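Below is one structure, written out as structure tokens; comments come after it.
This structure is a prediction, so every number in the text was calculated from the model and none was measured. Any value given below was found using the heavy atoms of this structure, including those in side chains, with hydrogens, waters and symmetry copies removed.
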Number of protein chains: 2
Amino acid sequence: MMTDQPRLLPMAPPPGEGTPPVFERIAIVGLGLVGGSLALAAREAWPSGLVIGVDRNDVLEQAMVRHAIDVAAEDLMIVSEADLVVLAAPVQQNLAILAELPGRLSHAAIVTDVGSAKRAIVEAGRTLPPDLTFIGGHPLAGSARQGIAFARPDLFRGRPWLFTPDAGAPPDALARLFAFVRALGAVPSAFPSAAQHDHLLAYLSHLPQLVASALMETVGDVAGEEGLALAGRGLADTTRLASSPGDVWRELCAANADEIGQALDRLVDRLRQLRADLPDGRVLTDVFANANRWRERLTK
Amino acid sequence: MMTDQPRLLPMAPPPGEGTPPVFERIAIVGLGLVGGSLALAAREAWPSGLVIGVDRNDVLEQAMVRHAIDVAAEDLMIVSEADLVVLAAPVQQNLAILAELPGRLSHAAIVTDVGSAKRAIVEAGRTLPPDLTFIGGHPLAGSARQGIAFARPDLFRGRPWLFTPDAGAPPDALARLFAFVRALGAVPSAFPSAAQHDHLLAYLSHLPQLVASALMETVGDVAGEEGLALAGRGLADTTRLASSPGDVWRELCAANADEIGQALDRLVDRLRQLRADLPDGRVLTDVFANANRWRERLTK
């Protein structure tokens with residue numbers, strides 16, 4: 001289904017004292033939690049590199065105060081000198097920004113994004129002129145607390161960073177992206193296609209999020225504040241994701257609605273089987289046995 | 001719906017050096033994780049008290065090695081001198097043991113249990129002779145790792161311990177149970193009825209468990225081991241409960257099937273509304289807003 005090994009080995013050595021930056025000039029469009037953390041992590045990895053930030057003025061000010069960026073502008077014009085452009089705005093905005101890139105860069109550059117749904121942006125990336133190489137990216141790192149205020153340079157440490165290169169992507173572009181995110185502490189891997197990424201992530205990430213939110217709403221509506229005060233640790237863990245922001249997830253779920261819908265159908269079917277068989281418990285026995293097995297593999 | 005304040009204030013002072021035991025002789029029937037931890041906690045609180053254990057011989061041996069109990073037997077005869085009997089076997093076994101208690105005790109005693117579903121055992125408790133006072137109990141503490149091997153004296157520290165006294169229960173019996181579990185570090189409260197307990201717990205505990213298990217099964221079946229290796233922390237948190245043992249939960253869910261069934265229906269309805277509206281996202285916006293609000297109250 002996918003490969004957790006890179007299809008190409010990275011060419012850059014691991015970073016260290018005096019290691020040259022994989023990219024000299026990085027432009028990050030959107031300095032929220034992920035974009036801001038990326039800026040901080042890149043500056044930590046390569047103090048000599050240049051980090052260019054694009055966002056609203058109030059966000060840029062915060063990013064400057066935190067020393068996350070060297071150069072700041074509200075206008076996309078500023079990316080012209082970048083050799084790497086990272087789209088780190090919400091999914092729909094990334095599409096709009098990508099469409100504005102042609103003609104903005106003064107030389108060949110690699111473009112990537114950090115969105116959790118990949119099909120639309122990868123398809124849009126194919127329309128870029130030949131001097132711009134788009135490879136979709138998705139760091140599996142985040143927090144319910146959004147925004148530059150919560151950005152931190154170690155956000156990606158030990159986390160997967162998935163890429164969805166087209167078959168025709170220049171091999172060295174993917175190798176450079178792998179080396180880049182490795183230097184930020186992430187563990188890169190490549191998917192054969194954006195569709196396979198979106199299918200898998202519907203289960204690994206989008207379904208757990210929707211389930212945690214719907215569960216928290218359902219339990220809270222019935223138990224109320226007084227009842228919630230009696231809850232044990234199980235409810236707290238199962239609903240940790242329920243503080244995630246609706247605006248981010250609304251857009252993301254719209255972008256992957258077909259895959260998420262199928263994942264929800266699959267889960268709902270199983271919950272209904274479980275429900276119909278509660279007094280007998282044969283379905284429950286199966287569900288728990290399978291869940292025990294997968295949970296062990298998840299945590300090993 | 002319920003009160004998180006005791007209906008009666010405990011009469012015993014907080015434990016400390018030389019505090020007399022709330023109960024002199026405690027019999028614990030079933031030395032699994034909860035029964036074993038209860039034994040360890042009681043011995044720590046009152047080294048001078050007597051802890052009597054009833055279980056299979058191999059479990060009793062482990063309990064003796066861990067110094068959890070003073071006296072051990074496979075036969076219920078041994079409880080005759082106890083002034084507190086705690087039923088800590090699985091739900092169905094507790095019912096069978098309760099039925100065997102009349103005539104076994106040489107003097108008046110309080111009987112309680114630690115099961116997560118309360119209606120059946122509370123109803124059975126009403127059939128006991130007048131010298132035995134039954135008050136259902138439910139400590140909200142546990143672990144996926146069952147058995148005396150994982151028992152620990154601090155299992156109940158800071159955790160709710162719910163009681164479901166009948167209206168006619170002697171007031172001092174509840175006060176003594178409150179004082180007893182407070183001395184073990186737990187936070188006691190009383191429910192007006194077993195039915196209200198079972199209704200609330202279907203949401204606070206049983207629904208999150210079934211959702212975590214069904215989610216882990218669904219995600220694992222689709223993602224496989226290779227896919228799970230790419231999962232972020234969100235899936236891990238949401239499925240922490242999925243290592244819970246099926247045999248314990250099968251019995252528990254059968255005992256509370258009607259309430260759990262309604263809780264599942266409610267959640268499934270909401271998931272289906274969410275699914276039907278994914279491209280638009282209005283339901284999602286509502287779900288997330290409600291979930292954000294309840295989650296904040298849960299963790300405050």
Task: side-chain contact (heavy atoms from CB on, under 4.5 Å) assessment of B:T238 paired with A:R240 - done: CA-CA 7 Å; B:T238 315; A:R240 188 185 61 84; over 6 Å; no

Open item on the list: Walk me through whether A:T239 and B:R295 qualify under side-chain hydrogen bond (donor to acceptor under 3.5 Å, both in side chains).
Closed with: CA-CA 7 Å; A:T239 60; B:R295 174 70 191 171; 3.1 Å; yes

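When each of B:L140, B:V268, B:L235 is checked for heavy-atom pairs under 4.5 Å with chain A, B:L235 comes out on top. Interface check for chain A: of the options B:A212, B:S205, B:A214, the most heavy-atom pairs under 4.5 Å are formed by B:A214. Between chain B and the residues A:A141, A:G261, A:A263, the most heavy-atom pairs under 4.5 angstrom are made by A:G261. Interface summary for chain B: among A:R293, A:R266, A:R282, A:E251, the most heavy-atom pairs under 4.5 angstrom belong to A:R266. Ranked by non-hydrogen atom pairs under 4.5 Å with chain B, the options A:A276, A:S213, A:G246 are led by A:S213. Chain A forms the most heavy-atom pairs under 4.5 Å with one residue out of B:N290, B:L228, B:D237, B:L210, and that residue is B:D237. The most heavy-atom pairs under 4.5 Å with chain A, out of B:V211, B:V187, B:D280, come from B:D280. In terms of non-hydrogen atom pairs under 4.5 Å with chain B, the most contact-rich of A:A257, A:G232, A:A242 is A:A242. Among A:L267, A:D269, A:D286, the residue with the largest count of heavy-atom pairs under 4.5 Å with chain B is A:L267. If you tally non-hydrogen atom pairs under 4.5 Å between each of B:L264, B:T299, B:D258 and chain A, the highest count goes to B:L264. For the options A:T218, A:L274, A:N256, A:D277, heavy-atom pairs under 4.5 Å to chain B are most numerous at A:T218.
A heavy-atom distance below 4.5 Å is found between the side chains of B:F191 and A:L230. The closest side-chain heavy-atom distance from B:H199 to A:V222 is below 4.5 Å. Side-chain contact between A:F288 and B:P245 is absent, with no heavy-atom pair separated by less than 4.5 Å. You'll find the side chain of B:V219 stays beyond 4.5 Å of the side chain of A:W294, heavy atoms only.
Interface residue B:A236: backbone and side-chain heavy atoms are both found under 4.5 Å from chain A. Interface remark: A:I260 contributes backbone and side-chain atoms alike to the contact with chain B (heavy atom separation under 4.5 Å). Both the backbone and the side chain of A:D221 come within less than 4.5 Å of a heavy atom in chain B. In this structure, no portion of B:D247 lies under 4.5 Å from any heavy atom of chain A. Of the two parts of B:L215, the backbone and the side chain both hold a non-hydrogen atom closer than 4.5 Å to a non-hydrogen atom of chain A. With a 4.5 Å cut-off on non-hydrogen atoms, B:R270 touches chain A through its side chain but not through its backbone.
In this structure, the separation between CG on B:L278 and NE2 on A:H206 is 11.5 Å, given to the nearest 0.5 Å. Rounding to the nearest 0.5 Å places CD of A:E296 at 11.5 Å from CE of B:M216.
Across all non-hydrogen atoms, the minimal contact from B:L204 to A:A223 is CD2-CB, 3.9 Å. Between B:L298 and A:A231, the shortest heavy-atom contact is CD1-CB, 4.0 Å.
Under 3.5 Å, the side chains of B:T285 and A:R250 contain a donor-acceptor pair of N or O atoms.
Comment: A:E226 does not engage B:R297 in a salt bridge, judged by the lack of any side-chain N to carboxylate O separation of less than 4.0 angstrom.
Listed by sequence position, A:R159, A:P160, A:L162 are the residues of residues 149-163 of chain A in contact with chain B, using a 4.5 angstrom heavy-atom cutoff.
Shown here are the salt bridge (charged side-chain N to carboxylate O under 4.0 Å, His left out) partners of A:D265, two or more places apart in sequence or in another chain: B:R275.
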